[in-house]
Amino acid sequence: MFFLILIASLLWVQVSKELWMFYVFGAIYALGHGGFFTVISPIIAELFGISSHGVLFGIASFGLTVGGSIGPTLAGYVFDVIHSYQLVFFILAALAVAGVILTLLLRPVITEP
């Protein structure tokens with residue numbers, strides 16, 4: 001659900017030409033991004049159980065932190081080279097689509113009692 005909100009916002013920013021449109025982008029993106037971060041822990045617990053939740057949540061959080069630090073740097077580099085963020089937002093939308101597909105492929109781990 002939150003991936004779909006992110007995708008919608010990233011596609012919306014592609015057609016945004018006026019200031020109010022960027023405000024709408026910011027609001028929708030914030031809902032999707034913030035909502036995504038609130039469901040990571042419950043999704044990990046539901047799919048993999050709670051016995052190794054700390055380790056898996058730590059790995060996921062580390063990956064999100066690395067992406068959050070590398071992403072803006074690469075986006076800035078792309079802007080410096082092509083003088084536009086449009087490609088960056090298309091790539092982010094494509095990554096969100098990949099996230100939806102990969103999330104749909106996840107299946108809970110079956111544990112023996």
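Quick note: residue numbers are just sequence positions, from 1.
- Among residues two or more places apart in sequence or in another chain, the ring pair (Phe, Tyr, Trp, His ring centres under 6.0 Å) test is passed with Phe25 by Tyr29, Phe89.
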Q: For the pair Leu64 and Phe36, evaluate side-chain contact (heavy atoms from CB on, under 4.5 Å) and give the outcome as yes or no after the intermediate values.
A: CA-CA 11 Å; Leu64 293 168; Phe36 175 75; 4.2 Å; yes
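- Between Leu31 atom CG and Phe2 atom CZ the span is 8.5 Å, to the nearest 0.5 Å.
- Phe90 and Val88 end up in different hydrophobic clusters when Ile, Leu, Val, Met, Phe, Trp and Tyr side chains are linked at under 4.5 Å.
- In this structure a side-chain-to-backbone donor-acceptor pair under 3.5 Å is present from Trp12 to Met21.
- Distance check: Thr103 OG1 to Leu47 CG gives 9.0 Å after rounding to the nearest 0.5 Å.
- Note on residues 66-85: no pairs pass side-chain hydrogen bond (donor to acceptor under 3.5 Å, both in side chains), not counting sequence neighbours.
- For Gln14, the side-chain hydrogen bond (donor to acceptor under 3.5 Å, both in side chains) partners are Gln86, not counting sequence neighbours.
- When all heavy atoms of Ala93 and Ile7 are compared, the pair lying nearest together is O-CG1, 4.2 Å.
- Atom CD1 of Ile43 and atom OG1 of Thr38 lie 8.5 Å apart (nearest 0.5 Å).
- Under the side-chain hydrogen bond (donor to acceptor under 3.5 Å, both in side chains) criterion, the residue pairs touching residues 48-63 are Ser41-His53, with sequence neighbours excluded.
- More than 12 non-hydrogen atoms from other residues, nucleotides or ligands lie less than 6.0 angstrom from CG of Leu102.
- Not counting sequence neighbours, the partners of Ile59 by the side chain to side chain contact (heavy atoms under 4.5 Å, CB included) test are Val55.
- For the pairing with Leu87, the side chain to side chain contact (heavy atoms under 4.5 Å, CB included) check across Leu92, Val81, Val78 returns one residue only, Val78.
- If you chain together hydrophobic residues whose side chains sit under 4.5 Å apart, Ile44 and Leu106 fall into the same group.
- Remark: Tyr23 OH is loosely packed, at most 12 non-hydrogen atoms of other residues, nucleotides or ligands lying under 6.0 Å away.
- Clustering ILVMFWY residues whenever any of their side-chain heavy atoms sit less than 4.5 angstrom apart, transitively, puts Ile101 in the very cluster that holds Phe3.
- A chain of hydrophobic side-chain contacts below 4.5 Å, direct or via other Ile, Leu, Val, Met, Phe, Trp or Tyr residues, connects Phe48 to Leu105.
- Val13 and Leu19 fall into different hydrophobic clusters, defined by Ile, Leu, Val, Met, Phe, Trp and Tyr side-chain heavy atoms under 4.5 Å apart, directly or through other members.
- Through direct or indirect side-chain contacts shorter than 4.5 Å among Ile, Leu, Val, Met, Phe, Trp and Tyr, Phe62 is connected to Val66, Ile70, Leu74.
- Put simply, CD1 on Ile28 and CG on Leu10 are 10.5 Å apart, with the number rounded to the nearest 0.5 Å.
- Atom CG in Leu11 sits 11.0 Å away from atom CG in Leu6 (nearest 0.5 Å).
- Shortest non-hydrogen contact noted between Pro72 and Gly67 is CD-O, 4.1 Å.
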